Amino acid sequence: MPERQPLLRVEGLAHYFDVSPPLLNRVFEGKKRLFLKAVDDVSFHIKPGETFALVGESGCGKSTVARLIVRLYDPMRGTIEFEGQDISHVESRKDFLNFRRKAQMIFQDPYASLNPRWRVRDIVGEPIRAFGLLKDGETLDGRVGVLLNQVGLSPSDGDKYPHEFSGGQRQRISIARALSSNPDFLVCDEPTSALDVSVQAQILNLMKQLQRDLGLTYLFISHDLAVVYHMADHVGVMYLGRLAEVADSQSLFTRPRHPYTRLLLDALPDLENVGRERTPVAGEVPNPINPPPGCGFHPRCPFASERCRSERPELMAVDDGFVSCHAVEEGRMPEGIELPPLAETPD
Amino acid sequence: MAEPLLKVENLRVEFPTRRGTLCAVDDVSFHIQPGEVLGVVGESGAGKSMTGIAVIGLLEAPGRIAGGRIVLEGQRIDDLPYEEKRKLRGRKIGAIFQDPLTSLNPLYTVERQLIETIRTHLEVSESEAFERAVSLLREVGIPAPEQRIKHYPHQFSGGMRQRVVIALALCAEPSLIIADEPTTALDVSIQAQIITLLKRLCRDHGTSVMLVTHDMGVIAETAHRVAVMYAGRLVEVGPVKDVVRNPSHPYTAGLMASIPVIGRKVENLSQIDGSMPRLNAIPEGCAFSPRCPQVMERCRRERPPLDTRGRTEVSCWLHAGESVDA
């Protein structure tokens, strides 16, 4: 796929959180330093105008990836290339601000992400002021009005405070704020998880509309596979801080390769299948501070072999994506069958 | 048809405020048969949790039941004195709430909480209660229950904690369980485990469940019948197949169409414009009329009654005058 340069290329991204006991406990009780490997060796790329989604259960590191990419955290290892420039360690403040203007973020909780003491006009106008983006003859209020119109609010809403709006309208304000610096790239961290389904539909439709109109590129973080199916062109499935599978949306949902992807798809409650009886896969996501050796998924995986328990699978290219699984590599995975039930895994 | 286990008739829950009385639950009637799972869906603020809270008798002042009746096993329970209601809770009606961490006491071991609950409701000795607690934990799928029972809630994962909460609800073999968003705080794979567990337990024990959730997928897999609420009112009640596949009320239809479905690729999701009215600004006539794509003049003036249409009951003027009985 060499026709278009990716807008964003992430290589070997890693970020560990230090969760060690306090120094005194380490000195006197001999406790060890502990690291939580929130993100470990994650690589993917996003082409301009596309939506790349990261899915996974809570604690899999998807939000950490989002925060690393907009540099809310500094990556410990790995590179983040934006428009061909490595922004993981930019030296000049000017380059960094330029990146910040082009990449904006929408957060999950529209109640926590808007300053309750600011009027909407100030919230949406701040990036314009900060980056000095007003063109000649344009007023700040005028620009904010246009932005509010664009997200389906009225320019007169600029005088109000966030508490006067419902959750869906607040998320529209967040989107207007993100758009105010004319970005090319939006990182959306669970933008609709806090919303009701009918409001979620409104916000997802708005985001698709804006993508068409403005040519935006999205990194879309979600735990909801149906929403990801609706929004994404490419999908990365994360488990315990690592990518289990990357594929284009169509093949991921029709031919999932990794056993974990199959588990996720199978666990989804199904509207079309009223009163379905099923045998859910047992076990839970292990503690990321102390992940199992080998493949992180092996304690829950019905296809786990001796190799899976000792050797960590690397992400390898398959015809239309990437997957990290020994069973797929060795051809042990039966194609397109339901997952067999698992015995309860001990804690 | 057998006598329903729970009958709610014209229930009305009000909150008096300085700016007038808000009606959180407005003229809601439904029933639950023994062994039946009734799903109650709606968006936030639709009154679904409030209905559950009113049934279990946990409505806090200034909220009050302003009208209607709640009848459990032939006995009226909404006007019982406080102490009587307290005995009913746990013994006849169990409760499972959304957040398993806040419904367990963090300072007590699981053992102490289970035994306390069992001995409150049943005349058993300490050791019998312990035996029962262990077997309950085993039944809800907690591995090594003899050891795990000594642990505190924070030592359990979210899914395991919700299993403990379910065990607590089952302590006295209640005939009805109110489950308010029992899987909302959980990941999908854990959610699937908890749904399967709930379904199995209800079948084994013949327990009825009122399952309150916003997730249509969970309802579709779990419930026998479903009640859809909007702005404190019931808009549609019927067998889950009919409501999910062939909704009668325009709100249910809009809700169903706005849910993204894997395998159904659409450019735009169908959306209901606007949002649910606030409780102090519920429009006259049908509460859904300002957002309804099929609104008629009559909808803005008169409130539609809940009418039977085939196997479902629906509150919409579109279906007025259609078949009365099936």
Side-chain angles (χ1 to χ4, degrees), chain A residues 55-60 152 166-169 194-206 208-209 212 223-231 249-250 253-254 260 263-285 287 300 344-347, chain B residues 42-46 141 143-144 148 156-160 183 186-197 199 214-224 239-241 244-245 251 254-276 278 291:
Chain A
V55 282
E57 299 182 273
S58 25
C60 73
S166 66
Q169 288 170 319
L195 307 176
D196 280 316
V197 279
S198 76
V199 182
Q200 163 172 290
Q202 294 173 7
I203 297 295
L204 294 180
N205 284 344
L206 172 69
K208 279 204 146 189
Q209 177 71 41
R212 278 193 299 269
H223 69 279
D224 188 330
L225 283 159
V227 169
V228 165
Y229 176 80
H230 178 67
M231 294 297 289
S249 171
Q250 201 56 37
F253 285 101
T254 50
Y260 179 60
L263 175 155
L264 277 182
L265 284 170
D266 199 52
L268 225 55
D270 193 350
L271 273 178
E272 312 276 310
N273 207 342
V274 171
R276 171 164 75 140
E277 294 294 328
R278 58 166 163 194
T279 329
V281 174
E284 299 178 0
V285 182
N287 187 346
R300 300 171 81 187
E344 182 88 38
T345 46
D347 282 38
Chain B
E43 300 179 80
S44 11
R148 293 294 267 163
F156 290 81
S157 66
M160 286 297 156
T183 61
L186 307 173
D187 281 318
V188 277
S189 66
I190 310 300
Q191 166 173 297
Q193 296 171 4
I194 297 293
I195 291 177
T196 312
L197 173 69
K199 277 167 88 166
H214 69 279
D215 189 331
M216 263 301 195
V218 171
I219 295 270
E221 284 208 359
T222 318
H224 300 108
V240 69
K241 261 195 177 118
V244 169
R245 296 241 176 92
Y251 172 66
L255 193 66
M256 295 305 305
S258 67
I259 303 172
V261 176
I262 292 173
R264 198 170 69 196
K265 197 81 184 172
V266 285
E267 184 50 37
N268 274 324
L269 293 167
S270 128
Q271 63 180 61
I272 315 172
D273 289 322
S275 54
M276 198 163 64
R278 293 190 181 186
R291 301 172 73 191

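Being a predicted model, the structure only gives us computed values, none of them experimental.
- The CD atom of B:Glu221 sits 7.5 Å away from atom OG1 of B:Thr196, with the distance rounded to the nearest 0.5 Å.
- Distance alone, capped at 3.5 Å, places no donor-acceptor pair between the A:Lys208 side chain and the B:Leu269 backbone.
- A salt bridge links A:Arg300 and A:Glu57; the closest N-O separation between the charged side-chain nitrogens and carboxylate oxygens is under 4.0 Å.
- Taking CG of A:Asp224 as the reference point, atom CG of B:Asp215 lies at 8.5 Å (rounded to 0.5 Å).
- Among A:Leu195, A:Asp196, A:Val199, the residue making the largest number of heavy-atom pairs under 4.5 Å with chain B is A:Asp196.
- Both the backbone and the side chain of B:Val218 come within contact range of chain A, judged by heavy atoms closer than 4.5 Å.
- Residue A:Ser249 touches chain B through its side chain alone, counting heavy-atom pairs closer than 4.5 Å.
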(message) For B:Glu43 and A:Ser198: C-alpha separation, side-chain torsions, deciding distance, then whether side-chain contact (heavy atoms from CB on, under 4.5 Å) applies.
(response) CA-CA 8 Å; B:Glu43 300 179 80; A:Ser198 76; 2.6 Å; yes

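- For A:Gln169, no part lies under 4.5 angstrom from a heavy atom of chain B.
- Of the two parts of B:Ile259, only the side chain, counted from C-beta on, holds a non-hydrogen atom closer than 4.5 Å to a non-hydrogen atom of chain A.
- Contacts of B:Thr183 with chain A are absent, with no heavy-atom separation under 4.5 Å from either backbone or side chain.
- Residue A:Leu225 touches chain B through both its backbone and its side chain, counting heavy-atom pairs closer than 4.5 Å.
- Of the possible polar contacts, one joining the B:Ser258 side chain to the B:Leu255 backbone as a donor-acceptor pair under 3.5 Å is found.
- The distance from the CG atom of B:Leu186 to the CD1 atom of B:Ile195 is 9.5 Å, given to the nearest 0.5 Å.
- Heavy-atom pairs under 4.5 Å with chain A peak, among B:Met276, B:His224, B:His214, B:Lys241, at B:Lys241.
- At a 4.5 Å heavy-atom cutoff, the contact between B:Glu267 and chain A is made by backbone and side-chain atoms alike.
- If you tally non-hydrogen atom pairs under 4.5 Å between each of B:Ala257, B:Ser270, B:Gly274, B:Gly263 and chain A, the highest count goes to B:Gly263.
- Heavy atoms closer than 4.5 Å to chain A are found nowhere in B:Thr222, neither backbone nor side chain.
- Only the side chain of B:Arg278 comes within contact range of chain A, with heavy atoms under 4.5 Å apart.
- Here the side chain of B:Lys265 pairs no donor or acceptor atom with the backbone of A:Gln250 at under 3.5 angstrom.
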